Amino acid sequence: MLKPNLIVCFLLLVSAAVIFAGKSKEKPDWAKKDIRDYTDADLERLYEQWEEQEEPLPEDEQPEHMRKPAPLDMSKMDFSNPENVLKLSKKGKTLMTFVSVAGNPSRAETEKVTALWQSSLQNSHILADRFIVADDRAIFMFKDGSQAWEAKDYLVEQEQCKEVSIENKVYPGKFSSGHEEL
């Protein structure tokens with residue numbers, strides 16, 4: 001007599017658990033929409049849900065803005081030379097350098113000259129992406145910002161280089177009118 005009552009109680013308990021579990025798993029209103037009616041916020045929530053189950057990316061595969069900055073060893077810094085301090089602080093970070101071509105070049109001439117400079121830098125193991133921004137101006141983007149100062153040393157020696165600008169500091173080209181002999 002006790003067994004049938006125990007079985008009925010057990011079945012009631014299991015059915016109640018299933019009913020309450022089903023209600024807690026109910027989809028939010030934004031998830032019930034037709035996919036064509038999703039807003040950007042809905043898609044972002046969906047993406048975040050998708051990413052919850054993913055393992056985090058290793059440090060070297062994360063975007064630069066999400067990586068932890070490399071610790072700076074202050075004992076190795078020579079504070080008498082501010083360029084070296086900047087160079088060490090930009091190691092491993094993206095840095096853009098603006099380069100102006102002397103004279104009054106056309107966009108095609110600037111493209112040709114800066115492409116030559118870029119290939120010369122690459123031959124010296126200094127990797128930079130190049131973007132033409134004006135008829136006489138280009139951006140060299142370095143994935144490792146510490147290489148920008150080595151590139152600057154090469155670029156200012158070029159006859160067609162008017163100036164190089166790194167971190168708002170302008171370095172005139174050796175053959176430009178703004179260059180002063182030291």
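These numbers were taken from a predicted model, which means no experiment stands behind them.
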Undergrad: Taking CG in Asn104 as the centre, count heavy atoms belonging to other residues, nucleotides or ligands within less than 6.0 Å. Is the count above 12?
TA: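 Atom CG in Asn104 is not packed in, count stays at 12 or less.
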
Undergrad: I want to check something: taking the side chain as every heavy atom from C-beta on, are Gln49 and Arg45 in contact at a cut-off of under 4.5 Å?
TA: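 Answer no - side chains too far apart.
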
Undergrad: Using side chain to side chain contact (heavy atoms under 4.5 Å, CB included) as the criterion, list what pairs up with Lys91, not counting sequence neighbours.
TA: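 Here the qualifying residues are Asp144, Ser146.
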
Undergrad: A side-chain contact here means heavy atoms from C-beta on lying under 4.5 Å apart; do Arg130 and Thr114 qualify?
TA: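 In contact.
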
Undergrad: Do Asp42 side-chain atoms and Thr39 backbone N/O form a donor-acceptor pair below 3.5 Å?
TA: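 Side chain of Asp42 to backbone of Thr39: a pair is present.
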
Undergrad: Which atoms form the tightest heavy-atom contact between Thr110 and Ala134, and what is the distance?
TA: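 Nearest heavy atoms, Thr110 then Ala134: CG2-O, 4.5 Å.
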
Undergrad: Classify the side-chain pair Ser120/Tyr154 by whether it contains a donor and acceptor separated by less than 3.5 Å.
TA: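 Looking only at side-chain atoms, Tyr154 and Ser120 do form a donor-acceptor pair, the distance falling under 3.5 Å.
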
Undergrad: Within the structure provided, determine whether Leu127 and Lys143 are in side-chain contact (heavy-atom separation under 4.5 Å).
TA: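 The answer is no, as the side chains (C-beta and beyond) never meet within the 4.5 Å cut-off.
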
Undergrad: Would you compute the distance between atom CG of Leu121 and atom CG of Leu116 and round it to the nearest 0.5 angstrom?
TA: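 CG of Leu116 is found 9.5 Å from CG of Leu121.
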
Undergrad: Is Asp34 atom CG crowded by more than 12 heavy atoms from other residues, nucleotides or ligands, each under 6.0 Å away?
TA: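 Enclosed.
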
Undergrad: Could you give the distance from CD (Gln158) to NZ (Lys174), rounded to the nearest 0.5 Å?
TA: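 Answer rounded to 0.5 Å: 10.5 Å.
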
Undergrad: Restricting to salt bridge (charged side-chain N to carboxylate O under 4.0 Å, His left out), what partner residues turn up for Lys152, sequence neighbours left out?
TA: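 Expected list: Glu83.
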
Undergrad: Hydrophobic clustering (ILVMFWY, side-chain heavy atoms < 4.5 Å, transitive) - are Val99 and Val170 grouped together?
TA: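 No: no chain of side-chain contacts under 4.5 Å links Val170 to Val99.
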
Undergrad: Taking atom OG of Ser100 and atom CD of Gln160, what is their separation to the nearest 0.5 Å?
TA: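 The distance works out to 13.0 Å.
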
Undergrad: Find out whether Glu157 and Leu155 are in side-chain contact, i.e. whether some heavy atom of one side chain is under 4.5 Å from a heavy atom of the other.
TA: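 Side-chain contact under 4.5 Å: no.
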
Undergrad: Does some side-chain heavy atom of Arg107 sit less than 4.5 Å from a side-chain heavy atom of Ile132?
TA: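 Touching, per the 4.5 Å side-chain cut-off.
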
Undergrad: Would you check if Trp149 and Phe142 make a side-chain contact, meaning some heavy-atom pair closer than 4.5 Å?
TA: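 When only atoms from C-beta onward are counted, Phe142 and Trp149 do not touch, as no gap falls below 4.5 Å.
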
Undergrad: Taking atom CG of Asp37 as the centre, does the number of heavy atoms from other residues, nucleotides or ligands within less than 6.0 Å exceed 12?
TA: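 Yes - once you tally the heavy atoms of other residues, nucleotides and ligands closer than 6.0 Å, there are more than 12.
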
Undergrad: Could you walk me through whether Tyr38 and Leu46 pass the side chain to side chain contact (heavy atoms under 4.5 Å, CB included) test, one step at a time?
TA: CA-CA 10 Å; Tyr38 274 24; Leu46 186 63; 4.1 Å; yes

Undergrad: Determine, using the 4.5 Å side-chain heavy-atom cutoff (strictly less than), whether Tyr171 and Ile139 are members of one ILVMFWY cluster.
TA: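 Hydrophobic grouping puts Tyr171 apart from Ile139.
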
Undergrad: Thr94 versus Met141: any side-chain heavy-atom pair under 4.5 Å?
TA: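 They are in side-chain contact.
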
Undergrad: Tell me, do Phe140 and Trp117 make a side-chain contact under 4.5 Å, heavy atoms counted?
TA: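 Contact flag for Phe140/Trp117 side chains = yes.
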
Undergrad: Just verifying a value: how many Å separate Glu163 CD and Lys169 NZ, rounded to the nearest 0.5 Å?
TA: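 Reported to 0.5 Å precision, the distance equals 12.0 Å.
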
Undergrad: Over all heavy atoms of both residues, which pair between Lys162 and Val101 is shortest? Give the atoms and the distance, please.
TA: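 Shortest heavy-atom contact: CB-C, 3.9 Å.
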
Undergrad: Out of curiosity, Gln118 CD to Asp129 CG, how far, rounded to the nearest 0.5 Å?
TA: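 Interatomic distance, Gln118 CD to Asp129 CG, rounded to 0.5 Å: 7.0 Å.
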
Undergrad: Look up atom SG in Cys161 and atom CZ in Phe175, then write down how far apart they are to the nearest 0.5 Å.
TA: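 Those atoms lie 10.5 Å apart.
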
